[in-house]
Amino acid sequence: TRMLAECELDCGHGTCVNATCVCDDGWTGNADMFTQDLRIFGKKQVIACPSNVFALKSMWAVVLTIGLVQWMICVRGTMQQWKVASRRKSRNEISGHWQHSPLSFHWVYTSTTIPSVVCMALAKLASGPLTENVGVTPLTSVCYLVFYVSFGASIAIHTRHAMKKILMRERLVESLSSKTSLLQVTQGCQYALRFLHISAAFIPMISSSRRDADFQRFCCFLFNGMVGMGHTFLMLVSMLMAIQIHSATTEMLTARASLAERTRSEELRASLAQLRRLRRRLTRLHASIGCLALLYAVLHFAVIAVPFLRDKISYVLATLFILMLLLAGTPTIFMYTSLKRTDIGHSIPQPQVEVEAPAEATAALPGTAASIRP
């Protein structure tokens, strides 16, 4: 009777034979974080066949393609930002290239984020029936750790740059005073985000270090809970940043529009159009990151709450990688990379009238695509 009960496993895409699942062709029990193939733990049992090899490998092929394309773009962006940093250093605006935040972003993203994604995707594609899995095997777990930490670091560099160059450049004392509480809330959320983000990144490594199915399941629940909370704070940070950027740039636009009206300066009017474009791009970028973080949080919490999704976590993870690279990574990359030859060398001319801090009033933000020159 016990053997019969054990053989009544819900194999899904497979058949229960002698208390273990024999998966159909093209299906496997291997999965990220919550693997159903217990043979890796020394047990001679597969308890389900949830993973379609072709579907998951196709998804990781998409991840690999996105990573390689982003790498080529980032190489161009790195060279462009190196020139911008060199010019800023020659003007004594910075003491070293690393202080130019857009260049630091490209360095982190090009040297760690993309290589870790490419390595993970190649490991997934090269393994037979998906035998490389995050939280189960060391290689993909290390790649995930590097990606998770470096991606968060690159987005943090961008956030700091946006805060420094846009919010802190606002000259209206009243406006800055009114934003103090909002800035404090944002910083508090950022500290919580960093703690959860870094802590959760190590869980797959810890999980893969022990051959214990129960311990792996505990790590799976802990990982999804911490990542879900981390993305909740990321959503709050992104939305608060979007609000602050839109508010600060709107006030800057109002001040410049008044000055342009009095002086009838074409240069100032051109700077207004540039600032409007920048406000739209930055606001949309942070809003999209916030929406993406909300989606991530819902999916990770759903993995905990919905049993059906627990053995489908490989699909969830691959989907999140694609969305993260496309909707968060790509817009940030294009903030600091110019692909059009005509854009390189473009900058807003200086005004021909006497104004307070004319360079600050009309110059493109350091590091944005509009400021890049050969």
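Side chains are part of it too, since the values below use all heavy atoms of this structure and drop only hydrogens, waters and symmetry mates.
Residues meeting the salt bridge (Lys or Arg N to Asp or Glu O under 4.0 Å) test with Arg210, sequence neighbours left out: Asp212. Every side chain to side chain contact (heavy atoms under 4.5 Å, CB included) that Leu294 has, sequence neighbours left out, goes to Met235, Val298. With sequence neighbours left out, the side chain to side chain contact (heavy atoms under 4.5 Å, CB included) criterion links Thr131 to Asn30, Ser127, Pro129. Under the side chain to side chain contact (heavy atoms under 4.5 Å, CB included) criterion, Ser111 pairs with no residue, sequence neighbours left out. Looking at residues two or more places apart in sequence or on another chain, you find a ring-ring contact (aromatic ring centres under 6.0 Å, His included) between Trp27 and His13. Residues satisfying the side chain to side chain contact (heavy atoms under 4.5 Å, CB included) criterion with Pro138, sequence neighbours excluded, are absent altogether. With sequence neighbours excluded, the residues that form a ring-ring contact (aromatic ring centres under 6.0 Å, His included) with Phe147 are Phe151, Phe321.
Among pairs with a residue in residues 214-234, those fulfilling side chain to side chain donor-acceptor pair (under 3.5 Å) read Asn224-His300, at least two apart in sequence or across chains. The list of side chain to side chain donor-acceptor pair (under 3.5 Å) pairs with a residue in residues 199-209, not counting sequence neighbours, is empty. Evaluation of the disulfide (SG to SG under 2.5 Å) test over residues 255-307, restricted to residues two or more places apart or in two chains, returns none. For residues 66-75, the set of pairs meeting the side chain to side chain donor-acceptor pair (under 3.5 Å) definition, not counting sequence neighbours, comprises Gln70-Tyr109, Gln70-Thr330. For the disulfide (SG to SG under 2.5 Å) condition, the pairs that include at least one residue of residues 27-119, sequence neighbours left out, are Cys23-Cys49.
Within 6.0 Å of CZ in Phe215 there are more than 12 heavy atoms belonging to other residues, nucleotides or ligands.
Residues Ser95 and Lys89 fail the side-chain proximity criterion, which asks for heavy atoms closer than 4.5 Å.
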Next on the checklist: What verdict does the side-chain contact (heavy atoms from CB on, under 4.5 Å) test give for Leu309 and Ile313, after you've listed the backbone C-alpha separation in whole Å, the side-chain angles of each residue and the deciding distance to 0.1 Å?
Outcome noted: CA-CA 6 Å; Leu309 291 177; Ile313 192 172; over 6 Å; no
Next on the checklist: I'd like to know whether Asn52 forms a side-chain contact (heavy atoms from CB on, under 4.5 Å) with Tyr315, so could you lay out the CA-CA distance, the side-chain angles of the two residues, the decisive distance to 0.1 Å, and finally the verdict.
Outcome noted: CA-CA 9 Å; Asn52 184 281; Tyr315 299 96; 3.4 Å; yes
Next on the checklist: Using the rule given for disulfide (SG to SG under 2.5 Å), can you reason through Cys21 versus Cys16, listing the C-alpha separation, both sets of side-chain angles and the distance that settles it, and then say yes or no?
Outcome noted: CA-CA 4 Å; Cys21 292; Cys16 185; 5.5 Å; no
Checklist entry - Going through the checks in order, is the side-chain contact (heavy atoms from CB on, under 4.5 Å) test met by Val303 and Phe221? => result CA-CA 8 Å; Val303 169; Phe221 285 112; over 6 Å; no
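Between Asp32 and Lys124 there is a salt bridge, since a side-chain N of the basic residue sits under 4.0 Å from a carboxylate O of the acidic one.
In terms of hydrophobic clustering, with Ile, Leu, Val, Met, Phe, Trp and Tyr side chains grouped at heavy-atom distances under 4.5 Å, Val63 and Val146 are assigned to different clusters. Hydrophobic clustering of Ile, Leu, Val, Met, Phe, Trp and Tyr side chains at less than 4.5 Å, counting indirect connections, unites Met72 with Leu326. Placement of Trp98 and Met79 in two distinct hydrophobic clusters is found when ILVMFWY residues are connected by side-chain heavy-atom separations under 4.5 Å, directly or transitively. No continuous path of hydrophobic side-chain contacts links Leu145 to Val136 [ILVMFWY only; heavy atoms under 4.5 Å]. A chain of hydrophobic side-chain contacts below 4.5 Å, direct or via other Ile, Leu, Val, Met, Phe, Trp or Tyr residues, connects Met226 to Leu317.
Panel note: side chain Thr110, backbone Val75; no donor-acceptor pair is recorded below 3.5 Å. Ser101 contributes no side-chain N or O that, together with a main-chain N or O of Ile157, makes up a donor-acceptor pair within less than 3.5 Å. Within the 3.5 Å criterion, the main-chain N or O of Val46 finds a donor-acceptor partner in the side chain of Thr20. In this structure, Tyr148 contributes its side chain and Ala200 its backbone to no donor-acceptor pair below 3.5 Å. Judged by distance alone, with hydrogens and angles left aside, the side-chain atoms of Gln81 form no donor-acceptor pair with the main-chain N or O of Gly77 at under 3.5 Å. Within the 3.5 Å criterion, the main-chain N or O of Phe202 finds no donor-acceptor partner in the side chain of Tyr144.
For the pair Ala328 and Leu292, the tightest heavy-atom approach, listed with the atom from each and the gap, is CB-CD2, 4.0 Å. Nearest approach of Met229 to Phe301, heavy atoms of both residues: N-CZ, 3.6 Å. In plain terms, the two heavy atoms of Val108 and Thr112 that are nearest each other are O-OG1, 2.6 Å. When every heavy atom of Met33 is checked against every heavy atom of Gly135, the shortest pair comes out as SD-CA, 3.7 Å. Closest approach of Leu139 to Ala123, counting heavy atoms only: CD2-CB, 3.8 Å.
The distance from atom CH2 of Trp82 to atom NE2 of His106, rounded to the nearest 0.5 Å, is 14.0 Å. Taking CG of Leu103 as the start and NE2 of His97 as the end, the distance is 7.0 Å to the nearest 0.5 Å. Here the straight-line distance linking atom CD of Gln45 with atom CD of Gln36 works out to 10.5 Å at 0.5 Å rounding. To the nearest 0.5 Å, atom CD1 of residue Ile47 and atom CG of residue Asp37 are 9.5 Å apart. Here CD1 of Ile73 is found 8.5 Å from CD1 of Ile114. Values are rounded to the nearest 0.5 Å. Separation of atoms NZ (Lys57) and OG (Ser51) is listed at 12.0 Å; rounding is to 0.5 Å.
Of the residues Thr78, Thr113, Ile333, the one that meets the side chain to side chain contact (heavy atoms under 4.5 Å, CB included) test with Phe105 is Ile333.
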